[in-house]
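First up is the structure itself, then whatever we jot down about it.
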Amino acid sequence: MSKIQKIDRRDFVKLFGLASGGILLGCTATTVEKKFKPAIDQDYFAPNLFVHLEKNGNVTLIASRSEMGQGIRTSLASAIADELEADWQYVSVKQAIGHEKYGNQNTDGSRSVRTKLAPMRRMGAAAKRMLITAAAKKWNVAETACKAENHHIINKNTNEKIFFGDLVEAASQDEVPAEETIQLKKVEDFKFIGKTLKSVDLDDFTHGTATYGIDVRIPNMKFAAIARCPVTFGTVKSFKKDKAAKVAGVEAIYEMPRLIPPTGKFFGMLGGVAVIANNTWAAFQGKLALAIEWDKGENASFDTEAFKKTLTERVHKTGKLVPGSRGNVTTAFNAAEKTVAATYHVPFLVHAPMEVPNATAWFQGDKIEVWAPVQDPQTARSELAHFFEIPIEHIIVNVPFLGGGFGRKSKSDFVVEAVAISKKINAPVQVVWTREDDVQHSFYHATSAQYLKGGLDSSGKVTGWLQRVGFPSIVSSFKPLSDYASGFELGQGFINNPYDLENFRLESVKAEANLRIGWLRSVVHIHSGFGINSFVDELAFAAQKDPVQFRLELIGKDRILTGKSEFPFNSKRFKNVLTATAKMANWGVKPTKNHGFGVAIHYSFYSYVATIVEVSVVDKKVKVENIWTTIDCGLALNKDNIKNQLEGAAIFGMSLALYGKISTKNGAVEQHNFFDYQMTRMKDAPKIHIHIVDAMKEPPTGVGEPGVPVMAPAICNAIFNATGERVRSLPLADLGMV
Amino acid sequence: MKTTLSINGKPYAVQVPKDMPLLWTIRDIVGLTGTKFGCGVSQCGACSVLIDGNLTKSCGIPVAAAVGKEIFTIEGSSENLEFLRQAWNDGNVPQCGYCQSGQLIAATSLLDATANPTDKEIDNVMSANICRCGTYTRIKKAIHKAVALKNETV
């Protein structure tokens with residue numbers, strides 16, 4: 001982290017559109033965030049975190065991360081407010097535009113709090129020191145005679161107090177205090193951190209006044225819909241537009257070529273036929289009225305059922321050995337008292353955020369302005385600079401609220417589409433995807449097949465573990481012909497298997513991509529969490545041991561795996577979340593008739609999660625009755641927000657376990673909308689019980705994603721407990737169980 | 001079709017094809033964007049409005065069907081909606097917030113019809129609305145809370 005610095009007044013307006021005056025502090029958070037870093041214009045130093053104090057007492061945080069429901073605006077503001085001793089009602093958040101001055105803005109990997117907490121706290125503390133210095137001078141007392149409390153500096157001798165705002169002018173003349181003199185509060189003195197804070201955006205959410213991407217309105221803007229080939233990367237052979245052109249409100253129709261990204265970065269756009277109209281509905285109707293003949297291309301024969309068979313055959317044969325394997329599983333299996341083997345499947349999934357992909361763009365010859373609900377505005381900006389050959393400093397990406405993201409909105413294909421159309425029609429335009437577009441043309445969460453084999457000795461101890469896995473790689477979206485899972489993907493729960501296994505072998509099998517592959521909330525952990533937790537349950541059953549006790553033994557002795565990580569894996573914390581959940585769920589009590597309990601644990605995004613699920617199964621139909629989840633995410637910044645995230649993760653995980661499946665026939669996705677890509681609804685929602693481990697002295701770790709990977713395996717293990725039947729292939733709907 | 005719509009008690013003159021769904025008339029023509037597009041096929045409830053007090057998916061009915069009737073959207077205000085807003089605040093319900101306009105309108109319609117709904121009655125009405133963030137537990141709790149808030153003030 002760099003030094004905290006004061007931003008020159010002249011730069012206030014230029015950089016931020018903030019009123020000049022007051023104090024603006026900035027610093028640079030430099031953490032390892034190399035993935036998909038924009039390649040352009042990185043060669044000058046600029047602070048990337050900012051806090052602004054004004055004479056009226058207002059404290060504004062410039063939020064560099066996209067808000068998509070994870071509560072990041074509130075969480076980051078609370079850290080500054082706490083150290084500053086601010087009154088929460090003076091605190092607000094301004095959303096940053098996409099610019100490299102804000103550092104890496106890519107909102108994924110559950111890392112925002114992990115990387116930003118310390119610098120946020122230090123800036124709040126620095127600002128507080130400056131206010132104290134100003135007050136001490138005014139009273140002519142030592143700084144130690146002053147303290148900050150509830151937006152005032154208080155003279156401890158006389159109990160006089162001065163409002164923050166009234167000190168801003170004097171404080172702004174001073175230099176930022178030296179780093180070593182900045183003191184942070186003790187954990188026990190936190191006022192906002194670790195407490196329950198309400199979202200800073202609640203009123204806008206409950207009055208319909210929050211502006212999401214799809215709500216952006218620019219004078220004289222047009223609306224556009226795009227017909228894309230049902231088969232990935234297919235192209236337009238010919239099309240008839242007569243009928244579409246007659247739809248009232250349709251103004252223009254043109255063919256859009258596919259934009260292919262350069263190897264290694266960006267997302268490009270699919271291309272198709274664009275219909276431009278003076279309202280969204282006319283654009284949708286015009287699109288439906290098009291008659292298009294497609295050249296379906298090389299993915300036209302892709303059939304997910306056939307691919308599942310292919311992947312299954314591959315995981316049943318020897319694959320490529322993954323580095324990090326250890327011991328000798330063959331010897332272990334030969335010597336084992338018993339061996340167990342099973343094969344698991346996860347289908348393709350789609351994010352389906354409630355707000356469909358959309359973007360508003362205005363191409364103005366020598367500059368571009370965009371308003372788009374993107375998780376990664378900088379990549380969007382770099383991508384636009386690349387495709388439209390406009391200097392990056394002439395491109396502005398404004399980030400409104402995101403109506404959900406879940407990974408879909410870190411791909412900026414829809415932004416490229418909007419700019420391409422705006423350029424063509426020489427007017428501002430909003431591209432809106434229909435729900436069908438969203439379901440049928442996404443960057444999908446990959447399908448997977450896994451084969452697991454384990455050996456048990458006579459005491460029921462696991463002596464060997466073989467796992468073969470195949471899933472189309474995310475890398476295929478950046479580099480064609482990437483037919484094996486990449487190292488970073490296998491690092492999500494596979495190679496870093498948390499169990500104490502002497503003989504461990506991981507193999508990777510070929511899995512080519514015939515759809516665009518992307519990341520979805522918790523990413524590859526969905527596969528590793530499902531495969532490993534399901535299989536451990538099978539091993540426990542074979543060993544005739546209690547599934548919780550069996551896992552505790554398998555995690556093994558207390559140990560800390562340091563490696564290169566700044567967040568070392570601590571087996572004690574992993575066992576602790578499991579024990580805590582078992583206690584909360586009253587584990588060990590015999591389930592009532594038709595009911596069953598299932599457990600799953602998973603370590604992801606440096607957080608430890610354990611979940612126990614209670615299901616009932618009547619006439620083969622599964623109902624999830626209760627979910628108990630414990631998380632250890634280190635310092636819990638905003639407890640109620642964490643609770644909300646985990647409740648949401650439970651529902652998200654349920655949706656994918658019960659219903660989630662994208663299938664293709666002849667290369668085309670078979671699902672359309674929420675009637676055939678279903679979601680958990682309120683009537684199906686279980687009682688959810690969340691426990692957050694008190695680990696306030698540990699650094700904060702991920703929250704948005706770690707609650708997801710445990711859900712599907714815990715549900716399936718509970719079904720086994722209730723019925724004796726194993727579910728090894730998701731979703732349950734395919735088996736007629738919902 | 002040239003006509004006037006009454007939304008939240010205010011008249012809005014519009015000129016639109018009569019089969020344009022009410023949703024798009026409200027959003028793109030009238031310019032009130034609090035009512036959301038989620039699916040376009042009456043499956044998710046994000047576009048919920050009240051028409052003469054009846055809960056309606058505005059993506060699923062033509063604008064012509066709403067002429068001469070009173071349309072109520074999230075930009076409006078009613079006694080039950082205000083108690084619900086308060087309860088939504090107290091319970092810190094929203095995550096991304098996108099579906100919450102529709103959730104609040106559906107909950108308003110529920111309380112307009114049923115003063116003190118049971119869990120089952122809440123499920124019946126609110127299951128027409130999808131929340132991808134999964135805030136169902138909080139929504140249900142907030143509806144009970146709104147009833148309690150209302151009872152306290154009576």
Side-chain angles (χ1 to χ4, degrees), chain A residues 67-71 196 198-199 201-212 214-215 217 223 248-249 279-282 284 352-356 401-406 432 434-436 640-641 644-645 647-652 654-655 673-675 679-685 687-688, chain B residues 16-17 19-21 23-25 27-29 31-41 43-44 46 73-77 81 84-86 88-102 104 120 122-140:
Chain A
E67 180 59 76
M68 52 185 175
Q70 84 281 38
T196 288
K198 283 179 187 154
S199 162
D201 301 310
L202 273 175
D203 277 345
D204 282 331
F205 289 154
T206 57
H207 288 79
T209 46
T211 301
Y212 295 86
I214 202 170
D215 302 328
R217 294 292 180 262
F223 297 83
N279 65 78
T280 315
W281 186 67
F284 285 0
M354 291 311 294
E355 180 200 29
V356 287
F401 280 104
L402 278 65
F406 313 116
V432 182
T434 62
R435 178 59 63 194
E436 290 77 7
D640 193 52
N641 185 53
N644 206 346
Q645 287 295 309
E647 289 165 0
I651 300 292
F652 197 95
M654 259 184 78
S655 288
N673 204 315
F674 292 126
F675 54 81
M679 299 290 150
T680 302
R681 291 172 185 267
M682 188 186 278
K683 65 179 167 49
D684 311 314
K687 293 189 192 76
I688 304 173
Chain B
V16 287
D19 57 345
M20 179 185 278
L23 167 69
W24 296 113
T25 311
R27 286 184 55 82
D28 291 358
I29 312 298
L32 295 174
T33 54
T35 306
K36 301 303 187 201
F37 167 65
C39 69
V41 291
Q43 287 284 310
C44 77
T73 72
I74 192 66
E75 286 88 355
S77 179
L81 179 54
L84 286 161
R85 281 183 169 133
Q86 175 69 45
W88 249 242
N89 266 271
D90 292 350
N92 201 24
V93 171
Q95 286 187 30
C96 87
Y98 190 83
C99 75
Q100 300 294 347
S101 298
L104 280 158
K120 183 111 194 169
I122 295 174
D123 282 350
N124 283 344
V125 170
M126 301 304 294
S127 290
N129 290 59
I130 294 174
C131 173
R132 184 63 161 142
C133 300
T135 62
Y136 300 126
T137 311
R138 286 172 185 242
I139 290 172
K140 190 181 277 185

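Below, chains carry the letters A, B, ... as their sequence lines are ordered, and counting in each starts from 1. Worth saying up front: this structure is predicted, and the values here are computed from it rather than measured.
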Indicate yes or no: does B:K36 engage A:D215 in a salt bridge with an N to O separation below 4.0 Å. yes
Under 4.5 Å, counting heavy-atom pairs only, tell me which of [options] racks up the most with chain A.
options: B:D123, B:L104, B:I130, B:I74; value: B:I130
options: B:L81, B:I139, B:T35, B:D19; value: B:D19
options: B:G34, B:G76, B:G134, B:S127; value: B:S127
options: B:E75, B:R85, B:K120; value: B:R85
options: B:I122, B:T25, B:L32, B:D90; value: B:D90
options: B:S77, B:G40, B:C39; value: B:C39

To check you understand the geometry: which heavy-atom pair defines the closest contact between [X] and [Y], and what is its length?
X: B:C96; Y: A:G403; answer: SG-C, 3.5 Å
X: B:C131; Y: B:Y136; answer: N-OH, 3.0 Å
X: A:E436; Y: B:V41; answer: OE2-CG1, 4.2 Å
X: B:R132; Y: A:F406; answer: CG-CE1, 3.3 Å

Which bit of [X] comes within less than 4.5 Å of chain A, counting heavy atoms only: side chain, backbone, both or neither?
X: B:V16; result: neither
X: B:N124; result: neither
X: B:K140; result: both
X: B:I29; result: side chain

Leading residue by heavy atom contact count with chain B [cutoff under 4.5 Å; candidates [options]]:
options: A:N644, A:T209, A:T434; answer: A:N644
options: A:A248, A:A352, A:P353; answer: A:A352
options: A:V432, A:I688, A:V356, A:I214; answer: A:I214

Quick check, are the ring centers of A:F205 and A:F401 under 6.0 angstrom apart? yes
With a 6.0 Å cut-off on ring centres, are B:W24 and A:F284 close enough? yes
Where does [X] contact chain B at under 4.5 Å (heavy atoms): side chain, backbone, both or neither?
X: A:T211; value: neither
X: A:T280; value: both
X: A:M354; value: both
X: A:A210; value: backbone

For a side chain to side chain contact (heavy atoms under 4.5 Å, CB included) check, start with the C-alpha distance between B:D28 and A:R217, then their side-chain angles and the critical distance, and finish with the verdict. CA-CA 9 Å; B:D28 291 358; A:R217 294 292 180 262; 2.9 Å; yes
State, with a plain yes or no, whether a side-chain heavy atom of B:Q100 is found less than 4.5 Å away from one of A:L202. no
